[in-house]
Amino acid sequence: MTKLLYQGHGSLRLTTNAGTVVYVDPFMGEGYDVAANLVLVTHQHYDHTDINKMPHAPGCVVWQNMDAHPSPDSYVTHVFGDVEVEGTEAYNAHHPKDECVGYLVRVDGLTLYFAGDTSQTEQMERLAAEGVDYAFLPGDGIYNMSVEGAARCAKIIGARHNVPIHLKPVQPYGEEQARRFAKLAPRALLVRAGQTIEL
C-alpha cells in the first residue's frame with residue numbers, strides 16, 4: 001500500500017508499493033530516519049531545502065526546481081524507477097515563477113499534486129484533466145494563498161482528496177486554518193502533522 005507521512009509545514013514523505021521513499025520539501029517534523037531514494041524540492045527557501053536531513057540510499061536523486069523548470073517556458077517530466085515526476089507552475093508575489101515549481105507525482109496508479117508554495121496558477125485549469133487523486137495545497141495566507149484561495153484551487157483542480165498544508169509559517173500545522181479549509185473545499189481531507197495515511 002502506498003503511504004504518505006505528513007511531517008508538517010510543507011514537508012512530506014511518500015513510500016511506494018515497491019518501497020521507494022520520496023521526500024518532498026524536507027525541513028520540518030519527524031520521520032527522517034528512512035533513507036531517501038528521491039528528494040523533491042519545489043524552491044530554494046530554507047524551509048523547503050534540508051536535503052541532508054535524512055540518509056540517502058545508494059543512487060538517491062535530489063531533484064530540485066531548477067531541474068524540473070530549467071528555462072522560463074519549460075517544465076520537465078522524468079521517471080525515477082516506479083515514480084514519474086512532472087514539474088508544474090508555482091508562483092505568487094513571494095515566489096517568482098522562474099524559481100519555483102510544484103510536482104505531479106504518478107505512482108502506483110495514483111496521481112498526486114504537490115503544489116509547492118504558490119497561489120492560483122493558470123495551469124491549474126489543465127490539472128482538472130489529470131485525474132488528480134490527492135492535491136496538497138498551501139494556505140497560510142501570508143507567503144501563499146489563503147485558505148479561501150486554496151479552497152478555490154481545490155474546486156478548479158477537482159482532486160478526489162484535497163489536503164491543506166503549509167498553514168502557518170514555520171509551524172507544523174494550523175488546526176484553525178485546516179478546519180476553515182474543510183468547510184470551504186470539496187472533498188477536504190485533514191491530515192495532521194505526524195500522521196500517516198494510506199493512499
Can you name the closest pair of heavy atoms from [X] and [Y] and give their distance?
X: His9; Y: Ile165; value: O-CB, 3.7 Å
X: Ala36; Y: Tyr23; value: CB-CD1, 3.5 Å
X: Val76; Y: Pro70; value: CG2-CD, 3.6 Å
X: Ala35; Y: Ala57; value: CB-N, 3.8 Å
X: Gly102; Y: Ala90; value: N-CB, 3.6 Å

May I ask you to test the [X]-[Y] pair for a side-chain heavy-atom distance under 4.5 Å?
X: Val147; Y: Leu184; value: yes
X: Asp25; Y: Val41; value: yes
X: Val22; Y: Leu40; value: yes
X: Glu86; Y: Tyr75; value: no
X: Ile156; Y: Glu125; value: yes
X: Tyr143; Y: Pro169; value: yes
X: Tyr32; Y: Ser11; value: yes
X: Gln7; Y: Arg13; value: yes

Worksheet item: Picking from Leu38, Val39, Asp67, what satisfies side chain to side chain contact (heavy atoms under 4.5 Å, CB included) with Val62?
Response: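 The residue from Leu38, Val39, Asp67 that satisfies side chain to side chain contact (heavy atoms under 4.5 Å, CB included) with Val62 turns out to be Val39.
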Fill in: Met28 and its side chain to side chain contact (heavy atoms under 4.5 Å, CB included) partner, picked from Asp47, Asp50, Val170
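Answer after filtering Asp47, Asp50, Val170: Val170.
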So does [Y] get a backbone contact from the side chain of [X], meaning a donor-acceptor N/O pair under 3.5 Å?
X: Arg187; Y: Ala159; result: yes
X: Asn162; Y: Ala135; result: no
X: Thr16; Y: Thr2; result: no
X: Glu89; Y: Thr121; result: no
X: Gln195; Y: Arg192; result: yes
X: Asp133; Y: Leu112; result: no
X: Arg106; Y: Val83; result: no

Separation between [atom1] of [X] and [atom2] of [Y], rounded to the nearest 0.5 Å:
X: Glu130; Y: Leu104; atom1: CD; atom2: CG; answer: 5.5 Å
X: Met145; Y: Thr118; atom1: CE; atom2: OG1; answer: 6.0 Å
X: Tyr91; Y: Glu99; atom1: OH; atom2: CD; answer: 15.0 Å
X: His69; Y: Thr42; atom1: NE2; atom2: OG1; answer: 12.0 Å
X: Asp117; Y: Asn144; atom1: CG; atom2: CG; answer: 4.0 Å
X: Gln177; Y: Glu175; atom1: CD; atom2: CD; answer: 9.0 Å

Worksheet item: Are His45 and His95 close enough that their ring centers fall under 6.0 Å?
Response: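 Ring-ring flag for His45/His95: true, centres closer than 6.0 Å.
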Worksheet entry | Tyr103/Tyr113 aromatic ring centres below 6.0 Å |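 Between Tyr113 and Tyr103, which both carry aromatic rings, the centre distance is not below 6.0 Å.
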Below 30° counts as parallel, above 60° as perpendicular, anything between as tilted: where do the rings of [X] and [Y] land?
X: Trp63; Y: His78; answer: tilted
X: His166; Y: His48; answer: parallel
X: Tyr173; Y: Tyr6; answer: perpendicular

Worksheet item: After noting the C-alpha distance and the side-chain angles of Lys155 and Glu148, does the key distance pass the salt bridge (Lys or Arg N to Asp or Glu O under 4.0 Å) rule?
Response: CA-CA 11 Å; Lys155 292 173 183 175; Glu148 291 77 12; over 6 Å; no
Worksheet item: Within a reach of under 6.0 Å around CD of Glu176, are more than 12 heavy atoms found that belong to other residues, nucleotides or ligands?
Response: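 Yes, enclosed.
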Practice prompt. Could you tell me whether Lys3 atom NZ has more than 12 heavy atoms of other residues or ligands within 6.0 Å of it?
Written response: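 Not buried by this count: 12 neighbours or fewer within 6.0 Å.
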Item to complete: Among Asp108, Thr15, Asp82, find the residue that satisfies the side-chain hydrogen bond (donor to acceptor under 3.5 Å, both in side chains) test when tested with Thr20.
Response: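 It is Asp82, the one option of Asp108, Thr15, Asp82 that forms the side-chain hydrogen bond (donor to acceptor under 3.5 Å, both in side chains) with Thr20.
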Item to complete: Say whether Asn65 and Gln44, considering side chains only, have a donor N or O and an acceptor N or O under 3.5 Å apart.
Response: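 Short answer, yes.
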